[in-house]
Amino acid sequence: MTYFSRSTLAAALLIATAPLAQAADVYLVHEDHTWVTFSVSHAGWANARGMFRAVSGDISFDKDDVTKSSVSVVIASDSLDTNSEQRDRDMGGADFLNFVEFPEITFDSTRIEKTGERTAVVYGDLTMIGVSKEVALDVVWNNEMPLPWDASTVKTGFSATASIDGTDFGMNQLVAFGLGPKIDVEIDLEALRQ
């Protein structure tokens with residue numbers, strides 16, 4: 001028979017009954033429910049707008065400590081849609097997004113600062129047209145719940161905004177075409193918990 005001292009038994013009970021630390025949940029971006037849109041001034045007449053239709057990625061979301069979370073996203077550059085096939089071809093050329101040489105736009109988070117109960121600034125490396133720059137996304141965690149028709153599938157959702165300068169990524173022809181160069185980005189993203 002093995003005997004435990006009172007302190008050893010108390011320690012064992014504390015360990016056995018202590019709540020387990022919750023690990024980060026992993027989510028996959030739900031492409032059909034993700035919108036990466038942007039607007040850019042067109043010579044001051046109006047804001048030209050567009051979106052990317054092919055977005056994939058994964059999120060590690062630690063709700064107990066959001067600073068331990070991370071996000072990695074890949075956008076197919078040729079999924080650009082500006083409501084004009086000719087403009088899409090022009091924007092895919094060597095002076096702009098250069099679809100052929102740079103088929104992907106990527107974002108990989110580097111650090112996260114919590115700013116509120118459901119808000120944070122997500123810093124990361126945006127790589128576009130072969131150039132990587134740190135950008136900051138202002139992010140809001142909107143909601144998480146099971147699908148109403150499938151309780152086994154849990155979805156979470158975020159909204160984010162950022163502003164970038166297209167010339168920082170080598171798109172120097174923007175100004176010549178009367179565009180920007182500031183580009184305002186809006187993201188609405190839903191992701192499925194794995």
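Note that the coordinates shown come from a computational prediction; the quantities given were computed from them, not determined experimentally.
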For T82, does its backbone N or O pair with a side-chain atom of D88 as donor and acceptor, under 3.5 Å? yes

Smallest heavy-atom separation, M128 atom then I164 atom, equals CE-CD1, 3.9 Å

Mark yes or no for whether T167, through its side chain, and M171, through its backbone, hold a donor-acceptor pair below 3.5 Å. no

From M91 atom CE to F99 atom CZ, the distance as rounded to the nearest 0.5 Å: 8.0 Å

Is a donor on one side and an acceptor on the other found under 3.5 Å between the side chain of S41 and the backbone of G44? yes

Can you classify the ring geometry of H30 versus H33 as parallel (below 30°), tilted (30 to 60°) or perpendicular (above 60°)? tilted

May I ask you to check whether over 12 heavy atoms, not counting those of D150, lie within 6.0 Å of atom CG? yes

Close side-chain approach of I129 and L97, heavy atoms under 4.5 Å: yes

Would you say V74 ends up clustered with V36 if hydrophobic residues are merged whenever their side chains have heavy atoms under 4.5 Å apart, either directly or through other cluster members? no

Applying the 4.5 Å side-chain criterion to the ILVMFWY set and letting contacts propagate, would I187 and V140 be lumped into a single cluster? no

Parallel under 30°, tilted from 30 to 60°, perpendicular over 60°: which one fits the rings of F38 and F52? tilted

Return yes if some donor-acceptor pair links the side-chain N/O of S109 with the main-chain N/O of Y123 below 3.5 Å, else return no. no

Under 3.5 Å, side chain of S163 to main-chain N/O of D184, donor-acceptor pair present? no

dist D90:CG -> S84:OG (nearest 0.5 Å) comes out at 7.5 Å

List the residues meeting ring-ring contact (aromatic ring centres under 6.0 Å, His included) with W149, not counting sequence neighbours, and say none if there are none. none

Using side chain to side chain contact (heavy atoms under 4.5 Å, CB included), reason through N47 and H42 one step at a time and then give a plain yes or no. CA-CA 6 Å; N47 288 322; H42 185 213; over 6 Å; no

Charged N-O contact under 4.0 Å between D125 and K133: no

Please step through side chain to side chain contact (heavy atoms under 4.5 Å, CB included) for the pair I112 and V121, ending with a clear verdict. CA-CA 6 Å; I112 297 174; V121 178; over 6 Å; no

Reported CZ-to-CG distance for the pair F169 and N98, which is rounded to 0.5 angstrom: 15.0 Å

Assess whether a salt bridge exists between D81 and R53, defined as any Lys/Arg side-chain N lying under 4.0 Å from an Asp/Glu carboxylate O. yes

Q194 side chain to L192 main-chain N or O, any donor-acceptor pair under 3.5 Å? yes

F102 reachable from L80 in the ILVMFWY side-chain graph, under 4.5 Å edges: yes

Is a side-chain donor or acceptor of S69 paired with a backbone partner of A24 at a separation under 3.5 angstrom? no

Value for CD1 (I59) from OG1 (T156), rounded to nearest 0.5 Å, stands at 7.5 Å

OG1 on T67 to NZ on K114, rounded to 0.5 Å: 9.0 Å

If you define the side chain from C-beta out and look only at heavy atoms, does anything of V154 sit under 4.5 Å from M145? no

If we check side-chain contact (heavy atoms from CB on, under 4.5 Å) with I105, which of these qualifies: V55, T127, L126, V73? L126

Using the rule given for side chain to side chain donor-acceptor pair (under 3.5 Å), can you reason through Y27 versus E144, listing the C-alpha separation, both sets of side-chain angles and the distance that settles it, and then say yes or no? CA-CA 11 Å; Y27 300 79; E144 177 165 307; 2.6 Å; yes

Hey, are the side chains of I75 and F107 touching, using non-hydrogen atoms and a 4.5 Å cut-off? no

Do any N or O atoms from the side chain of T161 and from the backbone of E186 form a donor-acceptor pair under 3.5 angstrom? no

Scanning both residues in full, the closest heavy-atom pair of L174 with G166 reads CD1-CA, 3.6 Å

Do M51 and V135 sit in the same hydrophobic cluster, where Ile, Leu, Val, Met, Phe, Trp and Tyr count as joined when their side-chain heavy atoms come under 4.5 Å apart? no

Can you sort out the partners of E31 under side-chain contact (heavy atoms from CB on, under 4.5 Å), two or more places apart, ordered by chain and number? A54

Nearest 0.5 angstrom please: N83 CG to R87 CZ, how far? 6.5 Å

Looking only at atom types and distance, does a side-chain atom of T119 sit under 3.5 Å from a main-chain N or O of V139, one as donor and one as acceptor? no

Give the intermediate values and the outcome of side chain to side chain donor-acceptor pair (under 3.5 Å) for residues D58 and S72. CA-CA 6 Å; D58 55 80; S72 179; 5.0 Å; no

With under 30° as parallel and over 60° as perpendicular, where do the rings of F177 and F96 fit, or are they tilted in between? perpendicular

Is atom CD of E85 surrounded by more than 12 heavy atoms (other residues, nucleotides or ligands) closer than 6.0 Å? no

If every non-hydrogen atom of T115 is compared with every non-hydrogen atom of A120, which pair is closest and at what distance? OG1-N, 3.3 Å

Checking N142 against S159 for the side chain to side chain contact (heavy atoms under 4.5 Å, CB included) test, could you report, in this order, the C-alpha distance in whole Å, the side-chain angles of both residues, the deciding distance, and whether it holds? CA-CA 7 Å; N142 297 319; S159 296; 3.0 Å; yes

Side-chain heavy-atom pair F61, V66 within 4.5 angstrom cut-off: yes

Same cluster for L147 and F158 if Ile/Leu/Val/Met/Phe/Trp/Tyr side chains link at under 4.5 Å? no

